[in-house]
Amino acid sequence: MFGEHELKTQFIKVGGKKIHLLEEKGGIVRYRRDDVERLIKANDEPLKIRPAPAIGYGVNLLMIKFEEPIAVPPRDSLTGFAEAPIEVAAEIGGMEIDRFILGREKYALYGTIEAGVICRYHVSPFYLEEPETIGVAKLLLSNPSNEWKSLEKVVLPIKNTPMYYTEKKAYYPLLVIILKNHIPEVNNTGKPPKEGLNIVGNQLSLPNFLMRW
Amino acid sequence: MNLSASIFEQGVLGEKLFLTLTIGLVIKAFLIVLIGFLLAKGVKRYLINLSRTTKYVWIVNEDTASTLHNLILIVSIVYAFEALGVLSYEIAGTSLSNLLTAFLVFYFSYLLAKKSKDYWIMRTPQERIPEIQLKAKIFYYLLVTLAFFIALNIAGFTGRLTTLLAAAGITGIVLGFASQTVVSNFISGIFMYFDKPLKIGDPVEVAGYSGIVHDIKILSTRIRTWDGLLVRIPNEKLFNSDIKNLQKYPARRVDVVIGIAYKEDAQRVIDVIKGVLDEMPYVLVEPEPAVFVNNLGDNSVNIAVRAWAPSEKWFNVRTQIVQKIKEALDREGIEIPFPQRVNWFAEELKVKVEKG
């Protein structure tokens, strides 16, 4: 699934999608996915199928809404997981030849109608164990304050975020959510959520995001 | 000046070659061109080197280097001709060479400003174009205005111009009245810049026209209508008009009314429509779409659908939503009725049947 694939006749399954590579005359390989077709002049360069952040039509933020709000005690923390939407990029020699969305594509307005931002939207349970879904986000909820805090959604910047993957799953970087004041602060650390993962992009953290709304 | 004149007119250098032309003057002219040439080459080389490292490539580039190179070269040629006495004529109290230099400085500055503006816009990513287009224009007008005053100074008109303007006070007032529309448009343009009711690329409805803002100039704003026509609206008119900016906010609502037959279960229809909206990616989850019985019409029960979409996707959602709801209602066998009327007759209706 995710990883490098030789340019020869084969099927590659990614989530619910199927990519078909078909060798033709003259060293040409036909790339086919749903209605998308590309012709590739084959050389030694492999086809890379890797996860990409779910920016959809070009949004910068991802909102993961929990099925149930989570309450965190004072001076305590909680580590868990959420399902997260991902996209898949097919690249050859550093050039993106195809990009598609896995699963359901929905958007929401984060903030007010006058000053809000459109973001990708996904509803997920809060898991204590890593879920079996293809896209996963690991969350560390930290409440350093002296009060109980509740969290019903996480909004995080995803544009230019690094992504991590194994052959079968894609991971967003470790997300640290600090519930210190009345505005939760989301830190996309850029770090891998666990060991042994491959990276797409550079391991850089993104600026902290304040969830004002 | 006197010193240089004396050096180039002493001894052998003062010998006449042709009419008033002396060897000294020819050497002087040659030296001016040589210095101009070397200076031009030096400036060009320096700017080209600088363009490789600077982030202000839009102004420091090969075009700018060539323009300045040509300007210095031509100005030095003009002064060389002046040294030879060819351009030592006076027009309006100033020398012909000064006039020519002033014109050249203005012309080349205009070229430089225009090219830099275009280059700046060309290099800008699509999403930042409206902002940069405005900055580039301000830069362009500033440079051209500055060049105009520098050119006046070179031509030696600065002192006289003030006197001229003072003397032409009455003419100014007359011109002021005559050009009040132009001035009014200009001032409105400035107010519009600070008010920012619209920017280039915004879809708007203004002064009875609907389309995309194509350009905002000093005196007028150009709108490209949806059917591809150019409409020029004077800034004054625009400033005093009601402006409807269709994409100012991130989300916009799609309002649709669907009429269903009285015999249908309204709640089932609402559920079907909500299902359709849920399947459409660009129908926003938040704010939540609203589907409700709006009123009981003459021929149908009217269901209002109010769904929010990202502003840039509004038109796509608007066009798809009605079609998808129609398809879903057809699938579910829900009737969308034609207009119908129940006729009532005051007296019993009699029908005559002829047999035959």
Side-chain angles (χ1 to χ4, degrees), chain A residues 15-17 34-35 53-67 69 82-88 99-125 135 151-160 209 211-213, chain B residues 124-131 195-199 201-204 243-255 271 273-291 305-321 324-325 328:
Chain A
K17 302 276 181 184
D34 295 335
D35 297 334
I55 57 170
Y57 72 90
V59 297
N60 295 336
L61 300 174
L62 166 65
M63 181 195 291
I64 300 175
K65 188 154 188 171
F66 300 122
E67 283 183 355
E83 298 165 5
I86 58 154
E87 290 174 14
V88 178
R99 188 181 176 111
F100 53 93
I101 291 168
L102 288 185
R104 184 175 150 86
E105 183 188 9
K106 282 301 272 186
Y107 298 87
L109 175 70
Y110 174 61
T112 63
I113 287 168
E114 294 81 16
V117 188
I118 304 290
C119 54
R120 266 303 284 274
Y121 177 87
H122 190 81
V123 178
S124 165
L151 190 71
E152 61 179 25
K153 65 187 170 200
V154 176
V155 180
L156 63 137
I158 51 168
K159 194 177 179 186
N160 300 326
F209 180 77
M211 284 173 55
R212 289 190 178 81
W213 293 293
Chain B
T124 304
Q126 195 65 30
E127 65 272 13
R128 289 193 64 212
I129 276 190
E131 176 202 340
D195 193 27
K196 286 193 173 66
L198 39 80
K199 61 179 192 296
D202 279 354
V204 292
I243 298 173
K244 198 189 276 185
N245 191 324
L246 307 178
Q247 211 168 291
K248 182 76 176 173
Y249 300 132
R252 194 179 161 198
R253 202 174 70 185
V254 175
D255 285 8
D271 292 342
I273 295 173
K274 280 188 173 173
V276 170
L277 299 178
D278 194 45
E279 289 297 315
M280 294 178 71
Y282 297 130
V283 170
L284 298 179
V285 180
E286 294 175 14
E288 198 179 349
V291 185
V305 180
R306 291 180 184 166
W308 291 84
S311 291
E312 60 262 55
K313 300 284 178 190
W314 182 87
F315 186 71
N316 290 347
V317 173
R318 176 68 185 78
T319 51
Q320 284 175 18
I321 213 165
K324 285 184 184 292
I325 289 174

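Chain A is the first sequence line, chain B the second, and so forth, proteins listed ahead of strands; every chain is numbered from 1.
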A.B. asks: Using a cut-off of under 4.5 Å on heavy-atom pairs, state which of A/Lys65, A/Glu105, A/Lys106, A/Arg104 scores highest against chain B.
C.D. replies: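 Result: the option with the highest number of such pairs is A/Lys106.
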A.B. asks: Are the side chain of A/Tyr110 and the backbone of A/Trp213 linked by a donor-acceptor contact shorter than 3.5 Å?
C.D. replies: yes
A.B. asks: Just checking A/Tyr57: does its OH atom have more than 12 heavy atoms from other residues, nucleotides or ligands closer to it than 6.0 angstrom?
C.D. replies: yes
A.B. asks: Given a strict heavy-atom distance threshold of 4.5 Å, which part of B/Glu312 is in contact with chain A: side chain, backbone, both, or neither?
C.D. replies: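 Side chain of B/Glu312 only, per the 4.5 Å heavy-atom cut-off to chain A.
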A.B. asks: Tell me, for A/Tyr121 versus chain B, whether the close heavy atoms (under 4.5 Å) come from the side chain, the backbone, both or neither.
C.D. replies: side chain
A.B. asks: Which heavy atom of A/Leu102 sits nearest a heavy atom of A/Gly16, and at what distance?
C.D. replies: CD2-N, 4.4 Å
A.B. asks: Return yes if some donor-acceptor pair links the side-chain N/O of B/Asn316 with the main-chain N/O of B/Lys313 below 3.5 Å, else return no.
C.D. replies: no
